[in-house]
Number of protein chains: 2
Amino acid sequence: MAAPPSDRRRKQPGSRDERKSRTRRGLLDAALARLSGEQSFSSLSLREVTKDAGVVPAAFYRHFPTMEALGMSLVEESFATLRGLMREVRSEPLPTTHLIRQSVDTFLDYVLEHELHFRFIAKERYGGSSTMRMAIRQEIRLFTSELATDLARMPRLATVSSADLQLISSLVVQTIIAASELALDARPEDASELPRIADEAERKLQIILLGAAVWRSDQSR
Amino acid sequence: MAAPPSDRRRKQPGSRDERKSRTRRGLLDAALARLSGEQSFSSLSLREVTKDAGVVPAAFYRHFPTMEALGMSLVEESFATLRGLMREVRSEPLPTTHLIRQSVDTFLDYVLEHELHFRFIAKERYGGSSTMRMAIRQEIRLFTSELATDLARMPRLATVSSADLQLISSLVVQTIIAASELALDARPEDASELPRIADEAERKLQIILLGAAVWRSDQSR
DNA sequence: CATATTAGTGAACAGATGTTGACTTGACCG
DNA sequence: CGGTCAAGTCAACATCTGTTCACTAATATG
């Protein structure tokens, strides 16, 4: 008469470590999924996360001491994927024509591919706790510096000082971030929206690089 | 022997409407104050707001149907003050030298003067509900358009088409917003931080305007 | 002056929240 | 094989949440 024991623990396969890191991923993914909606991280509850991950609330503490810690992990892994993009781009030969347009397209594609991570960053960049904000700002600063060394290789920026390169890179980054945020909010039903955003970003970058090339020589005002 | 009745309702002066709008302000201010800390709007509870405003939770509904409505009021009044700044600036004669630097300083001063409002906007610009985000984006678009008409009066931009002016204005706005967000997070104990932020913004704007002036003539690539 | 409005009260509710402790049960290792 | 370790469970807790309802008392109105 005894029915087969309805075991709620039914994730069978894998060693102990594998199973642990799998539910850890489950928690991170559950949080990311929730954050793609209307909620912000600080309004996200531990219980919601564990529920979506298919785990009891108390199990959360086996993986993170607090929600804040989970948030920091999300920041870290978001920028880890971004570094992946940079490595990828650098390994390929640079296009000689339409370099700006191609870079914009590549970046925006990447953002949409990792939509949830970038949505999270966009929200927490200014909305999160101060430790989170500082962590994100630090990562962006790092990204800006790396981009600056890439910009130095452009012929028309050959004569620019490294301090000015930093400035220009910061302008480029803030422009591409703004475009990313628009792209994330673009309604998928309007297919013309994304190219328009890319167009605008491209033109902005052209203006910036144009100004940068004249910048030094005009230093005297 | 009867002590004077310890009336909890003790905001005496004013007509009924005055008192109503005073507690309404109290609610708005309480929310703003809370949001200057670590919380985000979506994690702000109705009870916290009413408690700080010195009013019982149920009284909230006499002023707003929901927290979301209070948030929209905050958006509205934040940008109302910003329009105030624009009117102010336009009524004064434009400085003929250091125009960019003076504009940057004026704006950043204004941001710090209305710190709480701008902190709120910074957080909710990407962290809030989609209706809030859209409202903020719309207001920024409006601001961008108005700035574009002002830019048109600059001698070196006289030949620029209105579509391009819009583009340039958007660049200027995104730069000044980025500077504002940095200024809001500047540690007050380091007095050198604010001028550095203003310096950076000034130089960025110079690059942009420089590029804009050459832009049209370079249209052929 | 009598009456009607209405901002604010106070208590109660059903539900959600973070954190705890003692427990099970399967994988690991000697 | 037998003991240890740890991921996950379960139940309980005190606290906070939004919303409701009937109420009070002061202002406004006719």
Side-chain angles (χ1 to χ4, degrees), chain A residues 2-31 34-35 37-73 129, chain B residues 2-31 34-35 37-73 129:
Chain A
S6 67
D7 45 342
R8 270 188 49 72
R9 297 178 194 73
R10 66 190 190 291
K11 277 183 183 172
Q12 299 170 2
S15 72
R16 195 141 75 183
D17 294 20
E18 281 173 329
R19 304 210 308 155
K20 170 154 189 180
S21 66
R22 204 178 319 151
T23 64
R24 190 189 133 99
R25 256 262 64 81
L27 292 170
L28 292 167
D29 288 342
R34 285 262 176 184
L35 291 174
E38 298 286 76
Q39 301 196 341
S40 72
F41 185 79
S42 66
S43 73
L44 182 62
S45 78
L46 183 152
R47 285 181 112 101
E48 288 173 318
V49 173
T50 54
K51 187 176 178 183
D52 290 6
V55 132
V56 101
F60 181 88
Y61 298 102
R62 301 287 180 201
H63 302 272
F64 303 100
T66 169
M67 279 292 281
E68 172 87 7
L70 182 146
M72 292 301 283
S73 289
S129 70
Chain B
S6 67
D7 44 344
R8 267 187 51 71
R9 295 177 194 75
R10 67 193 189 290
K11 277 183 182 172
Q12 298 171 2
S15 73
R16 195 138 75 182
D17 293 22
E18 282 173 329
R19 304 209 308 156
K20 170 156 189 180
S21 65
R22 205 178 316 151
T23 62
R24 191 190 133 100
R25 257 261 65 80
L27 292 169
L28 292 167
D29 288 342
R34 285 263 178 184
L35 292 174
E38 298 286 77
Q39 300 196 340
S40 72
F41 185 79
S42 66
S43 72
L44 182 61
S45 78
L46 182 153
R47 286 182 111 101
E48 289 173 319
V49 173
T50 54
K51 187 176 179 182
D52 290 4
V55 133
V56 100
F60 181 88
Y61 298 101
R62 300 290 181 199
H63 302 272
F64 303 99
T66 168
M67 279 292 282
E68 172 87 6
L70 182 146
M72 293 300 282
S73 290
S129 69

Exercise for review: May I ask you to decide if A:Leu46's main-chain N or O and A:Thr50's side chain share a donor-acceptor pair within less than 3.5 Å?
Suggested key: yes
Revision key, fill the gap. Note: for B:Ala59 and A:Arg62 on DNA chain C, the residue whose nearest nucleotide lies more 5' is B:Ala59
Check your understanding: CG of B:Asp17 versus P of C:dT6: gap in Å, rounded?
Key -> 10 Å
Practice item. Please state how far atom CD in B:Glu18 lies from atom P in C:dT6, giving the value in whole angstrom units. Key: 17 Å
Revision key, fill the gap. Heavy-atom contacts, protein to nucleotides 11-21 of chain C, under 4.0 Å, summarised as B (base), S (sugar-phosphate only) or - (none) per nt, yield -B----SBBBB
Point to revise | Set of side-chain hydrogen bond (donor to acceptor under 3.5 Å, both in side chains) partners for A:Ser129, sequence neighbours left out | key: A:Glu68, A:Thr131
Check your understanding: Phosphate oxygens OP1/OP2 of C:dA7: is one of them under 4.0 Å from a side-chain N or O of B:Thr23?
Key -> no
Point to revise | Rounded interatomic separation in angstrom, taking NZ from B:Lys51 and C1' from D:dT17 | key: 13 Å
Check your understanding: Which heavy atom in A:Leu35 sits nearest to a heavy atom in A:Ser40, and how many Å separate them?
Key -> CD2-C, 3.5 Å
Point to revise | Rounded interatomic separation in angstrom, taking CZ from B:Phe64 and P from C:dG8 | key: 12 Å
Exercise for review: Rounded to the nearest angstrom, tell me the gap between atom NE2 in B:His63 and atom P in C:dA7.
Suggested key: 7 Å
Exercise for review: Using whole Å, report how far CZ of B:Arg16 lies from P of C:dT5.
Suggested key: 10 Å
Check your understanding: How long is the gap from CE on B:Met67 to CG on B:Leu27, to the nearest 0.5 Å?
Key -> 9.5 Å
Point to revise | Whole-Å distance separating the CZ atom of B:Phe60 from the P atom of D:dT17 | key: 13 Å
Exercise for review: Output the distance between atom CG (A:Leu28) and atom NE2 (A:His63), rounded to the nearest 0.5 Å.
Suggested key: 10.0 Å
Point to revise | Quiz item: B:Arg19 side-chain donor-acceptor pair to D:dT27 base, under 3.5 Å | key: no
Study note, to complete from the structure: The reported gap from NZ in B:Lys51 to OG in B:Ser45 (rounded to nearest 0.5 angstrom) is 9.5 Å
